[in-house]
Amino acid sequence: MSTTAYVDNQPPQYADQIQSQVRRFPDHVRSYFSTMLPIVDWLPKYNLNWLYGDLICGITIGAVVVPQSMAYAKIALLPPQYGLYSSFVGVVIYPFLGTSKDISIGTTAIMSLLVSQIFLGIESTPQYQSGEWTQHQFAVTAALFAGIVALGLSLLRLGILFNFICQPAVAGFMAGSGLTIVINQFPKIFGVPNINTSEAPYLVFGKTLSQLNHSTVDAIFGVLSLVWLYGIRYLSQRLSARYPQHARKFFYFNIARNAVLIIFTTFLSWLINHFGEYESSPFSILGAVPAGFQMMGAPKVDSGLVAAIMPNIPSVVTLLIMEHCSIAVSLGKQSDYRINVNQEILTIGLTNIFGSFFSAYPSTGSFSRSAVTSKSGSRTPLTNVVVAIIVVLALYALTPAFQYIPNASLAAIIAHAVTDLISGPKVWRRFLRVHPSELLIFAAAYIIALFTRIDVSVYVPVGLSLIVQLYRTARPDYAILGRVDMHPVSNSEKKQIRDDYEELADCRFFSFTHPTLGHCVRPIAPGIVAFQPRDNMLFENSIYFTEKLMDEVKRTTRRGKPMAEKMGDRPWNDTGSVEKGRHKPLLRAIIMDLYGVHQMDYSAVEDLKAAVKQVDRYTGENVSWFFVLNDSMAVRKCLLFGGFGTQRRKPGGPFHSDLSKKEHKEPKAGDDDSSTNGNKDGTEEKQIEVKDVHKHHSTGSNGSGDDVSTDSSFWAQQQCNCDSISHVDDVYPYFFVSMHDAALAAYVTQLGNDDAASVEQSRQNLSEIDEEKKIEAQ
């Protein structure tokens, strides 16, 4: 016994949806707050075997974060201790709130560069010149309000906005910013005095080159530091490749190169300044760094300073989120875990809010340190606790030694760290191979970062990417489908109708522009147009789709009513030749393959209804529309609203809506109204209507073989026997689950009533062949 399962995925009522959401609201609230403390989930399951990896990784990152944080604070034009304050608060808070095991929150080179650019504007104000505003006020105010905005975005669950920043924009911004930072460190590395690094990078680079002959002794520290950093890096990579059994040792030696450099150059600087007879240091050194946490307490908020900083807060928050979430997502993919973007933004917000009480400036996840954390074998976020301990020890025990750190060595560490952010020609070619627009977005961010403020290099490429995406959505791809027969068509005149039907049942459907099979594609049948949108049908592209459909209709079919002989009797926009197109067939049916369409809105339905009227006027008669659908509720509901399910004509409009409470579903063409049909061989075929194909597998069955109710108020659906299903169809006569079914139905419409008997005979023969194949397979 074979079964035909009819699918009727009725849209639920709004009242039912509201009741469902109300019932689930307590669960949503619990889920909302339970995700705010991820440590509650992983800390009770902590394995002591992970402790060794976390300790080693924490010590490694601690050796990196201390010199880096002080160096990055110098980029921000702030005292070096501000970098240590910022790095401490971030690593203390992250284990409680973070969802990545690899992220290290603290100072970053790019954020420090943006802070310096903002500070230059504040520094020139009369309030700062008079002493009313201070560096401390600026730093903590920027951190406080950036944290408040980030916290608000997280609580509103607006982390989805991060997905609108494409990867080429991020890569271009990082590369341009990294190159800007490297160029700004050249005067310190080569000991060139009196270079204004606040100017455009190309000016800084040019002036540095032109004044290299005025280099001071700082160049010895700077150049030798670069040689050490890159030499150890290259040597470690070569030795790891040659002796893979010792690769782990070489990795840690490579990571320690920053700490070794600072220790050695600081000791050498101390020897020179302590035993040399100099009134002041012969080279530039870091200077006195106060011990412990200075000026802790609630930030003093000045309304004037807030007003001056607030226009820059959106840029700061954008950079905080983009830099942090980009590296977090990337490391999550590498280590096979998924981060919660909203939770990460919450962590950024609270880090900066609490950081403002510790004299910190805006901080976020660091690219370089997070990458090192991942490679160092971090097992859990507990690594950050070890880093925090090292930062505190540095603040209270090592500050007397910090004053002798050569600024040239710090500049070399900065330049060496950010060069990894600069993408080379290999990355450019990858973007170009995908699409020229990807390279355009990347280049826009890259170049703009070199000539203006770095926040502009974020907004412009993001804007370009949105324009490109909007254009792709407004002008999406589409296809005109035809058939590719799997075997030659019979030449027998007596069997022409039957063979055409059978050939259509066995053929495959491809676009006429298919790169491989396009030359083999032929029309489905005379007077049938098959149109396939390759994107969602929404207000921005629905007119475009319907216009292209009408173009194809007019190109392949003729008018139902011939044009007037006289030009004056024709519409102003139709002046073609009368003889043109008379050999073309009359349009009989349109197939809309919407299997790849998952969203549809009111505008798209109205445009489809307008297209129905245009087609009817063009052909002079009512044309049937056949739709191939997936299980998208949005598309189905819109089409039923437009009346495309039953296509019952009404005066003044194409169809009556199918969304009324009591609607009669007409049977498919050629189907019997009864629930049990007699086949040619006397076997019975059950036709069971199933309201939701996803629900009927798990509901009960009474085994009676009766039709299942399709009333929208009937929620407890019966289960059909899945072992006996021979065919799946939609309960609405103009909706189909496959292109084959839609093409066959359109073919029947194209033939007309005279050949109905022959078509039915072909259908029965095909059913017999299918049954024989199943028996042979068993």
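Numbering of residues begins at 1 and proceeds along the displayed sequence.
In this structure a side-chain-to-backbone donor-acceptor pair under 3.5 Å is present from Gln343 to Met36. A donor-acceptor pair under 3.5 Å is absent between the side-chain atoms of Asn258 and the main chain of Pro67, judged by distance alone. Between the side chain of Ser116 and the backbone N or O of Leu113, at least one donor-acceptor pair lies under 3.5 Å. Between the Ser154 side chain and the Asn342 main chain, a donor and an acceptor come within less than 3.5 Å of each other. With hydrogens and angles ignored, the 3.5 Å screen pairs no side-chain donor or acceptor of Thr373 with any backbone N or O of Ile103. Counting only distance, with no hydrogens or angles, the side chain of His519 and the backbone of His514 share no donor-acceptor pair below 3.5 Å. For Asp601 (side chain) and Ala604 (main-chain N/O), a donor-acceptor pair under 3.5 Å exists by modelled atom type. In this structure, Asn352 contributes its side chain and Leu144 its backbone to no donor-acceptor pair below 3.5 Å. Side-chain atoms of Arg483 come within 3.5 Å of backbone atoms of Ile524 as a donor-acceptor pair (strictly under, hydrogens ignored). Under a 3.5 Å cut-off, the side chain of Ser378 and the backbone N or O of Lys101 do form a donor-acceptor pair.
Two residues are said to be in side-chain contact when any heavy atoms from C-beta on lie closer than 4.5 Å; Val521 and Ser511 fail this criterion. The side-chain heavy atoms of Val65 and Ser87, taken from C-beta on, include a pair separated by under 4.5 Å. In this structure, the side chains of Ser457 and Thr452 stay at 4.5 Å or more apart for every pair of heavy atoms. Side chains of Leu450 and Thr180 form a contact here, defined as non-hydrogen atoms less than 4.5 Å apart. Within the 4.5 Å cutoff, side-chain heavy atoms of Phe512 are placed close to those of Pro523. When side chains are defined from C-beta on, Val529 does not count as touching Ile591, because their heavy atoms never get closer than 4.5 Å. Counting heavy atoms from C-beta outward, His598 and Asn630 have side chains that approach closer than 4.5 Å. Taking the side chain as every heavy atom from C-beta outward, Arg472 and Val468 approach each other to under 4.5 Å.
Rounding to the nearest 0.5 Å places CZ of Phe190 at 8.5 Å from CG of Leu209. Summarising the geometry, atom CG belonging to Leu466 is positioned 9.5 Å from atom CD1 belonging to Ile165; distances are rounded to the nearest 0.5 Å. Between the CD1 atom of Ile345 and the CZ atom of Phe162 there is a distance of 8.5 Å, given to the nearest 0.5 Å. The distance from the CG atom of Asn254 to the OG1 atom of Thr60 is 11.5 Å, given to the nearest 0.5 Å. The NZ atom of Lys74 lies 13.0 Å from the OH atom of Tyr82; values are rounded to the nearest 0.5 Å. With values rounded to the nearest 0.5 angstrom, Asp477 atom CG is found 9.5 Å from Asp535 atom CG.
Residues Gly106 and Ser363 share a closest heavy-atom pair of O-CB, 3.1 Å. Listed here is the closest heavy atom pair of Ala139 and Leu78: CB-CD1, 4.2 Å. Here the shortest heavy-atom pairing between Ile195 and Pro187 reads CG2-CG, 3.6 Å. Taking all atoms of both residues into account, the shortest heavy-atom contact from Leu464 to Ala444 is CD1-CB, 3.6 Å.
Between the side chains of Ser437 and His435, at least one donor N or O sits under 3.5 Å from an acceptor N or O. Under the 3.5 Å distance criterion, with hydrogens and angles disregarded, a donor-acceptor pair is assigned to the side chains of Tyr337 and Ser100. No donor-acceptor contact under 3.5 angstrom links the side chains of Ser603 and Ser542, judged on distance only. For the residue pair Ser198 and Asn196, a side-chain donor N or O sits within less than 3.5 Å of a side-chain acceptor on the partner. A side-chain donor-acceptor contact under 3.5 Å links Gln532 and Asp593. Inspection of the Tyr252 and Ser376 side chains reveals no N or O donor paired with an N or O acceptor under 3.5 Å.
Evaluated for a ring-ring contact (aromatic ring centres under 6.0 Å, His included) with His416, the options Trp228, Tyr230, Tyr234 yield exactly one hit, Tyr230.
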How far apart are the C-alpha atoms of Phe186 and Val204, what are their side-chain angles, what is the distance that settles it, and do they pass the side chain to side chain contact (heavy atoms under 4.5 Å, CB included) test?
CA-CA 8 Å; Phe186 279 172; Val204 175; 5.9 Å; no

Test side chain to side chain contact (heavy atoms under 4.5 Å, CB included) on Trp42 and Thr380; report intermediate values, then the result.
CA-CA 8 Å; Trp42 63 264; Thr380 68; 4.0 Å; yes

Audit row: Asp420, Ser368, side chain to side chain contact (heavy atoms under 4.5 Å, CB included) steps and yes/no
CA-CA 8 Å; Asp420 291 336; Ser368 58; 5.9 Å; no

Chi angles and distances behind the side chain to side chain contact (heavy atoms under 4.5 Å, CB included) call for Trp428, Tyr446
CA-CA 11 Å; Trp428 307 350; Tyr446 202 155; 3.9 Å; yes

Candidate pair Tyr94 and Ser104, rule side chain to side chain donor-acceptor pair (under 3.5 Å), full reasoning
CA-CA 8 Å; Tyr94 193 80; Ser104 175; over 6 Å; no

For residues 308-329, which side-chain donor-acceptor pairs fall under 3.5 Å, sequence neighbours excluded?
unit_1: Asn312; atom_1: OD1; unit_2: Arg453; atom_2: NH1; d: 3.4
unit_1: Asn312; atom_1: OD1; unit_2: Arg453; atom_2: NH2; d: 2.9
unit_1: Ser315; atom_1: OG; unit_2: Asp455; atom_2: OD2; d: 3.1
unit_1: Ser315; atom_1: OG; unit_2: Tyr459; atom_2: OH; d: 2.9
unit_1: Thr318; atom_1: OG1; unit_2: Pro314; atom_2: O; d: 2.7
unit_1: Glu323; atom_1: OE1; unit_2: Thr108; atom_2: OG1; d: 3.3
unit_1: Glu323; atom_1: OE2; unit_2: Thr108; atom_2: OG1; d: 3.4
unit_1: His324; atom_1: ND1; unit_2: Gly365; atom_2: N; d: 3.2
unit_1: His324; atom_1: NE2; unit_2: Glu344; atom_2: OE1; d: 2.6
unit_1: Ser326; atom_1: OG; unit_2: Met322; atom_2: O; d: 2.5

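Scored by the salt bridge (charged side-chain N to carboxylate O under 4.0 Å, His left out) test, Glu552 finds Arg555 as partners (sequence neighbours excluded).
Ring to ring, Phe736 and Phe627 are not that close: their centroids are 6.0 angstrom or more apart.
Shown here is Leu538, whose CG atom has more than 12 heavy atoms of other residues, nucleotides or ligands within 6.0 Å. Residue Arg248 qualifies as enclosed at atom CZ: its count of foreign heavy atoms under 6.0 Å is above 12. The number of heavy atoms from other shown groups lying within 6.0 Å of OH (Tyr595) does not exceed 12. Remark: Gln167 CD is loosely packed, at most 12 non-hydrogen atoms of other residues, nucleotides or ligands lying under 6.0 Å away. For Arg238, the CZ atom is loosely surrounded, since the number of other residues' heavy atoms within 6.0 Å does not exceed 12. The neighbour count for Ile160 CD1, taken as heavy atoms of other residues, nucleotides or ligands under 6.0 Å away, does not exceed 12.
Here Asp102 does not pair with Lys375 in a salt bridge; the nearest charged N to carboxylate O distance is not below 4.0 Å. A salt bridge links Lys207 and Glu199; the closest N-O separation between the charged side-chain nitrogens and carboxylate oxygens is under 4.0 Å.
Classification of the Phe531-Tyr478 ring pair by plane angle, with boundaries at 30° and 60°, yields parallel. Classification of the Phe442-Phe431 ring pair by plane angle, with boundaries at 30° and 60°, yields tilted.
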